[in-house]
Protein chains: 2
Amino acid sequence: MTDAIWTAIAETLRREIVEGSRQPGDRLPTEAQLSRRFGVNRHTVRRALSRLGEEGLVHSRRGAGAFVAARRTEYPLGARVRFHRNIRAGGRLPSRRIDHLEERPATAEEAEALELGPSGRIVLAEGVSFADGCPIALFASRFPAERLAGIAQALAEVASVTEALARVGVGDYARRSTRIGGELADPAQAAKLELSPGAPLVWTESLNVDPGGVPVEYGFTYFSGERVTLVLDHS
Amino acid sequence: MTDAIWTAIAETLRREIVEGSRQPGDRLPTEAQLSRRFGVNRHTVRRALSRLGEEGLVHSRRGAGAFVAARRTEYPLGARVRFHRNIRAGGRLPSRRIDHLEERPATAEEAEALELGPSGRIVLAEGVSFADGCPIALFASRFPAERLAGIAQALAEVASVTEALARVGVGDYARRSTRIGGELADPAQAAKLELSPGAPLVWTESLNVDPGGVPVEYGFTYFSGERVTLVLDHS
DNA sequence: CCATATTTGTTCGTATGTATC
DNA sequence: AGATACATACGAACAAATATG
């Protein structure tokens, strides 16, 4: 088979999206309608939609339909990463939602990263970051509980990491290291990011330290690979 | 359906791979054998294998079988990125293969990045980077043809960018900027990287400049998201 | 709020094409 | 050349989530 039918269907739909005849948020025709339009079985359409879903161009919801996804955001990555400032610099409106907040003993990995003793405790904050109301990343941040007393309360109230850290006495901080990788969205991640499971994610593992070099935050962020471009400036 | 059968099958096979009972390079049982083992239709097994393929854990070849893929490599990313040094620092043997080498007029994008005039020419080098013989990234590098006379010849002979640049008079260079994104491997990319189409890629767009700030190389690199972790050090 | 139609998700069966061994 | 194995495509049925009246 020189090329499969489903690739041609995906290509047709992809062009309709990138050329703008289908706008972000628009609902695609149903699978049944598309299979009639292209004269193929529903499975063949599904294979094409699956690929577009993995590419991040469309997002399917059972019972609802398939929808065109939103546009790409630039996200500067450097020693001084600030989410709200980053997103506003791109002309978009930043927001965050914290889904989970708990205090518990640190795991070995967390203790090592945050330079805690064996009985150290951490505050874990998990949630979603948005640009213009569109989810662009999941975050899971760990803070040293004893070193930053009141951090959980502060996070719950202000929802900006920079402000929360300022409230507990960390006026400034910088990123010491970032590790980057790629993987695929599992169903839970996909649901929170409004992506299809199997969409590409770019994750970053980062450590932020105060001006004295003491760790204040250690976390992972999972960006939608198709909605975000990470920008690095070595200057 | 609380959870689908294919996810459980994928989870079982994934565990067998990550726990080491299936080694990199091993061939998995055939789809027919797996469907008998799990007591399901062949399509259900295929759905599971498809997911593992997207994750980069296995790689299927028509007519041959499905094979367990190789392990993750760390790749430091910073102002002074050197491929051969990076890979050797991780205790692996670096190599490169150049698949395509041509000189042609610069596109508008290339001319802007390399700061060329309207009639500027570039040398394009495309190929694959390996660690221990395992492909980890595709690269497509542009060099200013007039500014670096003889660069094509040099690239063909030494296959290390650092050495080739040294031959044409660029004794040192540094990276000015890097942009990072995620996407899925198309069939051509997947074939060169020995991945399944649809596997997650992390791409970087980078600009290297000489000590005077003059651009000497502009290119894209597509890393296998599952085989490579990019490491960033802000110090 | 509830009943029902709609729409996507999963699984099975079957057949055929195509690359590899 | 033949057997094996993966890739694609069609058809049918049911489950699960959603939308609609």
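Remember, it's a predicted structure, so these values are computed and weren't measured experimentally. All chains are named by letter (A, B, ...) in the order of the sequence lines, taking the proteins before the strands, and each is independently numbered beginning at 1.
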A/Arg104, CZ: over 12 other non-hydrogen atoms inside 6.0 angstrom
yes
Without decimals, in angstroms, what is the distance between [X] [atom1] and [N] [atom2]?
| X | N | atom1 | atom2 | answer |
| --- | --- | --- | --- | --- |
| B/Gln33 | D/dT4 | CD | P | 12 Å |
| B/Asn41 | D/dG11 | CG | C1' | 13 Å |
| B/Phe38 | C/dT11 | CZ | C1' | 16 Å |
| A/Leu49 | C/dT10 | CG | P | 14 Å |
| A/Arg51 | D/dA9 | CZ | C1' | 17 Å |
| B/Arg47 | D/dT8 | CZ | C1' | 16 Å |
| A/Arg62 | D/dT18 | CZ | C1' | 10 Å |
| B/His59 | C/dT20 | NE2 | P | 11 Å |

Looking only at the side chain of A/Glu31 (C-beta and beyond, no hydrogens), which of the listed nucleotides C/dT8, C/dT11, C/dT7 gets closest?
C/dT8
Identify which nucleotide among D/dC10, D/dA19, D/dA9 has an atom closest to any side-chain atom of A/Ile5, counting heavy atoms from C-beta outward.
D/dA9
Given [N], is OP1 or OP2 found less than 4.0 Å from the side-chain N or O atoms of [X]?
| X | N | result |
| --- | --- | --- |
| A/Ser60 | C/dT7 | no |
| B/Arg46 | D/dA7 | yes |
| A/Arg42 | C/dG9 | no |
| A/Thr30 | C/dT6 | no |

Under 3.5 Å: donor-acceptor pair, side chain of [X], backbone of [Y]:
| X | Y | answer |
| --- | --- | --- |
| B/Glu163 | B/Ser160 | no |
| A/Asn86 | A/Pro76 | yes |
| B/Thr12 | B/Ala8 | yes |

Checking all strands, does B/Arg61 fall into the base, sugar-phosphate, or nothing category for heavy-atom contacts under 4.0 angstrom?
sugar-phosphate
Examine the base of C/dT14 for any acceptor or donor lying under 3.5 Å from a partner atom in the side chain of B/His43, and report the outcome as yes or no.
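Indeed there is one.
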Assuming nearest nucleotide by heavy-atom distance, tell me which of A/Phe67 and B/Gly63 is located more 5' along DNA chain D.
B/Gly63
Decide, yes or no, whether a salt bridge links B/Arg61 with B/Glu194 under the criterion of side-chain N to carboxylate O below 4.0 Å.
no
